[in-house]
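Note that the coordinates shown come from a computational prediction; the quantities given were computed from them, not determined experimentally. By convention in this document, chain letters (A, B, ...) are assigned in the order of the sequence lines, proteins followed by strands, and residues within each chain are numbered from 1.
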Protein chains: 2
Amino acid sequence: MTATPNPPATPPLPGAADDWLRLDQQICFSLHAASRAFNGVYRVVLKDLGLTYPQYLVMLVLWEHGTLPVKKLGEHLRLDSGTLSPLLKRLETAGLVRRERSARDERSVEVRPTEEGAALRERAREVPRRILAATGFEGEEVRFLSARLHELTTALDRAAAGGA
Amino acid sequence: MTATPNPPATPPLPGAADDWLRLDQQICFSLHAASRAFNGVYRVVLKDLGLTYPQYLVMLVLWEHGTLPVKKLGEHLRLDSGTLSPLLKRLETAGLVRRERSARDERSVEVRPTEEGAALRERAREVPRRILAATGFEGEEVRFLSARLHELTTALDRAAAGGA
DNA sequence: CGCAATTGAATTGCGCGCAACCAAATGGCC
DNA sequence: GGCCATTTGGTTGCGCGCAATTCAATTGCG
C-alpha cells in the first residue's frame, strides 16, 4: 500500500522528495483524522450533557477559573471572538452561562457560569474516564502524547507567526 | 498554572476524579490545538497553491491513485459526500479536477485530476519539507507520532462505532 | 482638554465536518 | 416484468474556525 510504482512525470528533485511527500501524508492524515475521531467520541459522550466539544472546552475553563472575560477565555483556548461570540451566545441560550458587560470597562464582557452551568460539572465528571477508555491508551501514554502535541503546537504557532 | 486551589463544591467522587479531569483537559486541549495549529501552518504554506488543507489532502490522494470515484476518495480520507461534494465542486471550479458520471454505473462520479491539477503536484513538492521544518521535529519523531495518532484514531473510531 | 491609536466584542463571509434527508441508479427477488 | 432494499451522490442545516470589518470604549499623547 505504501509503494509508488514510479513518479510518472517531471520529477525535478531526486526520489527522496517522494519520501517527504509520503511522510507528509502520514502526519497530515493521522493528525487530521485523530482530531476528527476525538471529536466524534466527544460528540457521543457529550450528547447527554447537551454540549458540543468546543462548548465543553469552554465549560472546562469556566469550571476551573470561574468568571472570565471573553478575551481571557480566548487566550486559554486559542480562539477569537469570531468563534467565541456565537458559541457563548448558544451557551447562554442553553442557560449555562451569563454574559454581562464589565462595569469598569464597558468593552469587556464577563462570562460567568450559571447555577445550572456549575451544576453540570458534576454530571461531567464521568466524561474524562469514558474518553480515556475510548482511546484504549494508558494514562501515561496519553500524558506523553499530550506533551508531544503541545510541543508541536508551540513550534507550529511560532512557525506560522514567524512568517513561514 | 496547574494548581487548583480546591474544588469549591459537592465532589461526589474522591479527589482522583479531578486528576482525570485535568488529564482530559490536557489531551483535549493539546490535540485540538495541535490540529488547528497544523491547519494554520498549512494555510500559510498552501496559499501559493490556492489550496485549503482538506483540498490538499484530496489532491494528495488523487496524485497517488489517479482517477477515483467519490466513494473511494471518501474512504481514503474518512469523509462523506456531505463534505466532499462541495469541496470537489470548488476544486472543479478552480480547474484542478473534473467530475464525470461513470458510464457503467450512473450512480458513481469519477474524480480525475486535470492537466493543471496534475501539474500542481510539482509545485507542491516543496510543501512537505516546509511543514516538517515548521514542526521542528525530526522525521523519526514525526513518524512515531503519526503511528501513535493512527492507533488513537483506530481506537476512537471503534469506540464511537461500538456504541460508547 | 481633544483627538488619534489601541483594545475588546460582535458581525460577516467562507470553507469544513457531520447528521439527516432526498433522488437516481442498481441489483436481487418473486 | 414489477417490487423491493441497497448503493451512491447531492442537498440542507447547523456549529465550528478564522480572516476581515465594524463599532464603542478606553488609553495615550500633544
Given dC16(C), dT26(C), dA9(C), the nucleotide with the shortest approach to the side chain of Pro69(A): dA9(C)

task: Check whether any side-chain N or O of Arg99(B) sits under 4.0 Å from OP1 or OP2 of dG10(D), and answer yes or no.
output: yes

- request: Using a 4.0 Å heavy-atom cut-off across all strands, classify Lys89(A) as base, sugar-phosphate, or nothing.
  value: sugar-phosphate

- prompt: Base, sugar-phosphate alone, or nothing: which one does Asp105(B) contact when heavy atoms must sit under 4.0 Å apart?
  reply: sugar-phosphate

message: From CE of Met59(B) over to P of dC16(C), roughly how many Å is that when rounded to an integer?
response: 13 Å

- request: Report the distance from atom CG of Asp157(B) to atom C1' of dC18(C), rounded to the nearest whole Å.
  value: 13 Å

task: Quickly work out the Leu156(B) CG to dC18(C) P distance and round it to whole Å.
output: 13 Å

- prompt: Taking only side-chain nitrogens and oxygens of Arg90(A), does any of them come within less than 4.0 Å of OP1 or OP2 of dC16(D)?
  reply: yes

Any donor-acceptor N/O pair under 3.5 Å between dA10(C) base and Ser81(A) side chain: yes

message: If you only use heavy atoms from C-beta on, which nucleotide in dC18(D), dA19(C), dC16(D) is closest to the side chain of Arg43(B)?
response: dC18(D)

message: Which label fits Tyr56(B) and Trp63(B): parallel for a plane angle under 30°, tilted from 30 to 60°, or perpendicular past 60°?
response: perpendicular

- prompt: How close or far is atom C1' of dT11(D) from atom CG of Leu79(B), stated in whole angstroms?
  reply: 17 Å

Closest to side chain of Arg36(B), choosing from dT11(D), dG17(D), dT8(D): dG17(D)

query: Taking atom P of dA9(C) as reference, at what distance in whole Å does atom NZ of Lys72(A) sit?
result: 10 Å

message: Regarding Thr83(B), tell me which of base, sugar-phosphate or nothing describes its non-hydrogen contacts under 4.0 Å with the strands shown.
response: base

- line: Leu51(A) CG to dC16(D) C1', in whole Å, measures 14 Å

- request: Identify the nucleotide, in any strand shown, that forms a Watson-Crick or G-U wobble pair with dC23(D), with both distances under 3.5 Å; if there is none, say none.
  value: dG8(C)

- prompt: For dG17(D), does OP1 or OP2 lie under 4.0 Å from any side-chain N or O of His32(B)?
  reply: yes

field: Considering all heavy atoms, the nearest Glu116(B)-Gly95(B) contact
entry: OE1-O, 3.5 Å

task: Rounded to the nearest angstrom, tell me the gap between atom CD in Glu110(A) and atom P in dA25(D).
output: 17 Å

Among dC16(D), dT6(D), dT26(D), the nucleotide that comes nearest once only the side chain of Leu87(A) is considered: dC16(D)

task: Nearest 0.5 Å please: distance from the CZ atom of Arg112(A) over to the CG atom of Leu68(A).
output: 10.5 Å

task: Give the nucleotide from the list dC16(C), dC16(D), dA19(D) with an atom nearest to the side chain of Asp80(A).
output: dA19(D)

- prompt: Hey, which of these two, Arg104(A) or Gln55(A), hits DNA chain D nearer its 5' end, going by closest nucleotide?
  reply: Gln55(A)

message: With nearest nucleotide decided by heavy atoms, which residue, Tyr53(B) or Ala103(B), maps closer to the 5′ end of DNA chain C?
response: Tyr53(B)

query: For Leu84(B), which contact category applies under a 4.0 Å heavy-atom criterion: base, sugar-phosphate, or nothing?
result: nothing

Distance, nearest 0.5 Å, that separates OG1 of Thr114(A) from CG of Leu120(A): 9.0 Å

- request: Using heavy atoms to find the nearest nucleotide of DNA chain C for Gly40(A) and Val109(A) separately, return the residue whose nucleotide is more 5′.
  value: Val109(A)

message: Does dT7(D) have its OP1 or OP2 closer than 4.0 Å to a side-chain nitrogen or oxygen of Ser108(B)?
response: no

message: Within this structure, what is the CG-CG distance for the pair Leu96(A) and Leu62(A), rounded to the nearest 0.5 Å?
response: 10.0 Å

- request: Please assess Tyr53(B) against His32(A) for the test side-chain contact (heavy atoms from CB on, under 4.5 Å), listing each intermediate value before the final yes or no.
  value: CA-CA 10 Å; Tyr53(B) 182 39; His32(A) 199 60; 3.4 Å; yes

task: Give the rounded distance in Å between these two atoms: CG of Leu46(A) and P of dC16(D).
output: 12 Å

